[in-house]
Amino acid sequence: MSDHAAPATAAAPDRPASGALARWLPRFDEGIASAALALMVLLPLAEIALRPLMGRGIENAPVLVQHLGLLLAMFGAVAAERHGHLSTLGSSLGQLGSERSQAWVQAVAKGSAALLCGMLAMASWRFVASEIQGAQTLAYGLPVWWVQAGMPLGFALLGFKLGLRCAPGLLPRIALGLTLPLSGWLLAAAGDGQGGLLWPALALLLLALLAGAPVFAVLGGLALALFWSEGLPLASIALSHYQITVNPSLPALPLFTLAGLVMARTGAAQRLGTLFVALFGGGARGTVLAAAVLCSAFTAFTGGSGVTILALGGLLLPLLRNAGYPEQRGIGLVTSASALGVLLAPSVPLIMYAVIARVPIMDMFLAGLVPALVMVACLLLFGGFLRGSSPVGSPAAASRPNARQALAAAWTAKWELLAPVVAIGSLASGLATPTESAALTAAYALLTQALAHRELGWRLLARCLSECAQLIGGVMLILGMALALTNYLVDAGIPDRAVEWVQGAIPNKYLFLLALCAFLFVAAALMEIFAAIAVLVPLLLPLALAYGIDPVHFGIIFLAAMELGFLCPPAGMNIYFAAAMFGKSIRYVASAVLPAMLAIFVGTLLIALLPGLSLGLAALVR
């Protein structure tokens with residue numbers, strides 16, 4: 001999960017001046033998105049229970065769940081906009097100059113995004129209108145287009161809300177909120193299928209991106225410009241967004257994310273922290289090992305390394321300090337180790353890659369295990385975090401691993417330790433599909449934290465549902481727009497031409513792997529991980545296949561390199577979260593993670609050059 005709350009990469013949250021308007025507009029978006037997410041948990045569970053009892057389950061249950069994902073995506077994105085969780089490029093022009101010039105730049109960013117949302121709303125409506133004529137039903141007589149209508153409605157609401165942020169004062173805000181998306185709608189309707197100039201649109205989109213417009217709007221605008229310039233129907237963009245949001249494997253994303261958020265918001269982190277410290281010992285070396293392994297494992301479940309920093313940072317940094325570990329190195333360890341869970345099941349980026357590359361999710365889960373351990377080992381050894389652990393000041397007395405304490409801590413954390421067994425066991429055994437496995441894991445997390453630990457009440461549950469909906473909504477918009485762009489590029493033959501050119505320039509497979517790693521390190525620093533997966537995987541995977549690289553191996557290389565992006569500005573979310581969490585400057589945290597960046601570089605090269613690390617375990621299981 002990309003961490004969309006980072007202050008340097010998120011849209012500005014509601015200003016106080018919008019309070020009256022917020023009371024005037026009911027906040028039903030979070031309600032719809034949260035209800036859709038809750039049903040995505042309940043329907044697969046009902047399906048599992050009804051099949052053996054009645055011989056059949058709920059009519060068309062998997063497709064129902066997939067279409068609930070569409071509602072979750074659209075209305076979750078509307079909620080994400082209000083809370084400032086829509087991803088942008090990072091450092092933008094809006095952070096330069098005087099306060100007045102910043103306000104103008106922000107108005108350009110939000111206004112252009114509002115205009116583009118209006119165009120996307122029109123394209124979505126054209127798609128829905130064609131579906132109305134087909135008169136297809138979803139289940140129990142429910143027309144499919146009723147759910148699909150959430151796309152034009154969602155884009156229209158997003159355009160309205162973004163337009164509200166373009167001016168001070170209630171009346172100007174409402175006027176811009178209405179006229180900007182409406183202008184986009186009329187512009188798209190007038191130019192649909194007509195053809196037009198491409199370069200002016202590209203220049204305006206680049207300006208919007210630099211000004212701080214959301215990534216999804218720029219990607220969607222680029223797709224609109226390309227389709228428009230060729231005279232192609234704009235409804236194709238909405239079709240691509242619809243296809244990715246109702247992908248059969250995609251419901252696993254929000255469900256596993258919900259399970260992780262529930263554990264992050266309750267006492268699960270502290271119980272696991274106690275266990276890992278007991279397992280590795282309480283001295284500086286043992287606490288470092290415990291912190292590295294715990295952060296990596298926790299990120300795999302929470303789906304976001306920023307969430308891990310927030311959940312574990314306040315627990316682990318005092319433990320490291322008390323063990324005599326230097327504070328800056330401790331901050332560097334927690335910040336960097338929290339990026340390493342991307343390769344561990346059931347990581348959200350791992351599932352996303354499986355969906356886009358069309359490889360089995362279970363294969364990706366198995367392939368990521370050994371490389372994840374390699375990355376942790378590289379972090380500790382090449383990052384130098386095991387060095388410099390001599391006592392500083394008056395640290396707490398070092399202690400060896402204690403079996404009795406570990407057993408007691410394991411019993412206390414037994415419900416958390418069983419969560420990966422539920423997630424992976426139900427999937428590996430064939431008892432559940434990926435969606436049903438994710439629903440079981442989410443339900444397990446909810447029930448254990450509510451009933452066994454009594455730490456999850458209704459208010460906290462609502463917060464977790466809302467946060468999950470916002471996160472997934474923002475990600476799904478990026479995925480949908482990126483798929484539309486990818487479909488255009490594929491139809492234009494761009495990947496095929498790229499394969500021919502690269503093979504002519506780089507004839508050797510290992511040279512290609514080195515060039516690939518170098519390119520991915522640069523991309524990781526500039527692109528948020530979900531946008532990178534959505535945009536780059538469809539373009540780079542054909543290249544990898546042309547060199548005989550297994551798609552699963554390529555996926556692990558790609559995700560390992562992307563871990564660097566969490567630590568490198570401007571897309572380095574972990575730096576921003578750690579700076580806020582520990583009360584340090586961004587420069588202080590950035591210097592603390594420099595050794596980790598070298599370690600991730602070395603680990604990625606090892607994974608790239610030794611395919612057995614990724615493919616060996618799956619071969620043994622088969």
Item to check | Audit row: Arg265, Gln449, side chain to side chain contact (heavy atoms under 4.5 Å, CB included) steps and yes/no | outcome: CA-CA 10 Å; Arg265 297 294 180 249; Gln449 301 305 309; over 6 Å; no
Next on the checklist: Quick one, Phe558 with Ile533, criterion side chain to side chain contact (heavy atoms under 4.5 Å, CB included). Give me CA distance, side-chain angles, the key distance, then yes/no.
Outcome noted: CA-CA 8 Å; Phe558 188 96; Ile533 294 172; 3.8 Å; yes
Next on the checklist: Please evaluate residues Met476 and Met481 with respect to the criterion side chain to side chain contact (heavy atoms under 4.5 Å, CB included), reporting the C-alpha separation (whole Å), side-chain torsions for both, the decisive distance (0.1 Å), and the verdict.
Outcome noted: CA-CA 9 Å; Met476 291 306 301; Met481 298 303 101; over 6 Å; no
Item to check | Step-by-step side chain to side chain contact (heavy atoms under 4.5 Å, CB included) determination, Leu564 to Leu520 | outcome: CA-CA 9 Å; Leu564 186 74; Leu520 290 176; over 6 Å; no
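Side-chain contact between Tyr547 and Ile506 is present, with heavy atoms from C-beta onward closer than 4.5 Å. For the pair His453 and Glu416, the minimum side-chain heavy-atom distance is below 4.5 Å. Inter-residue side-chain proximity for Leu72 and Pro254 is flagged as met; some heavy-atom pair is nearer than 4.5 Å. With a 4.5 Å cut-off on side-chain heavy atoms, Leu516 and Phe554 count as touching. Proximity of Ile237 to Phe127: side-chain heavy atoms (C-beta onward) are nowhere separated by under 4.5 Å. Contact annotation: the side chain of Leu513 approaches that of Ile557 to within less than 4.5 Å [non-hydrogen atoms, C-beta and beyond]. At least one side-chain heavy atom of Lys509 sits less than 4.5 Å from a side-chain heavy atom of Ile549. Taking 4.5 Å as the limit, some side-chain heavy atom of Leu350 sits within range of a side-chain heavy atom of Ile556.
Taken to the nearest 0.5 Å, the CG atom of Leu255 stands 11.0 Å off from the CD atom of Glu436. In this structure, CG on Leu239 lies 9.5 Å from CD on Gln148, to the nearest 0.5 angstrom. Distance CD1/Ile351 to CE/Met364: 10.5 Å, rounded to 0.5 Å. Note that OH of Tyr242 and CG of Leu483 are 13.5 Å apart. Values are rounded to the nearest 0.5 Å. Between the CG atom in Leu316 and the CZ atom in Phe276 there is a gap of 10.5 Å [rounded to 0.5 Å]. Atom CZ of residue Phe216 and atom NE2 of residue His241 lie 9.5 Å apart, to the nearest 0.5 angstrom.
No donor-acceptor distance shorter than 3.5 angstrom exists from the side chain of Asn60 to the backbone of Val63, with no hydrogens or angles considered. Proximity of a side-chain donor or acceptor of Ser336 to a complementary backbone N or O of Gly332 within less than 3.5 Å is detected. Under a 3.5 Å cut-off, the side chain of Glu47 and the backbone N or O of Leu43 do not form any donor-acceptor pair. With hydrogens and angles ignored, the 3.5 Å screen pairs a side-chain donor or acceptor of Thr448 with a backbone N or O of Ala445.
Every residue two or more places apart in sequence or in another chain was checked for a ring-ring contact (aromatic ring centres under 6.0 Å, His included) with Tyr444, and none qualifies. By the side-chain contact (heavy atoms from CB on, under 4.5 Å) test, Ala35 is found to be paired with no residue, residues two or more places apart in sequence or in another chain being considered.
Listed here is the closest heavy atom pair of Leu333 and Phe385: N-CE2, 3.5 Å. Nearest heavy atom pair, residue Gly555 against residue Tyr353, reads CA-CZ, 3.2 Å. Smallest separation of non-hydrogen atoms from Glu563 and Ala339: CG-O, 3.3 Å. When all heavy atoms of Gly76 and Ala33 are compared, the pair lying nearest together is N-CB, 3.6 Å. Smallest separation of non-hydrogen atoms from Asn487 and Ser240: ND2-OG, 2.8 Å. A pairwise comparison of heavy atoms in Val342 and Pro349 identifies CG1-CB, 4.0 Å as the closest pair.
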Indicate every side-chain donor-acceptor pair of residues 534-543 with a distance under 3.5 Å to a residue at least two apart or in another chain.
none

Review item, side-chain donor-acceptor pairs of residues 596-617, under 3.5 Å, at least two apart:
residue	atom	partner	partner atom	Å
Thr604	OG1	Ile600	O	2.8

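Among residues at least two apart or in separate chains, there is no salt bridge (Lys or Arg N to Asp or Glu O under 4.0 Å) pair with a member in residues 236-260. Here side chain to side chain donor-acceptor pair (under 3.5 Å) pairs that include residues 550-560, with residues two or more places apart or in two chains, number zero.
A donor-acceptor contact under 3.5 angstrom links the side chains of Ser426 and Ser437, judged on distance only.
In this structure, Gln136 places its CD atom where only 12 or fewer heavy-atom neighbours from other residues, nucleotides or ligands lie under 6.0 Å away.
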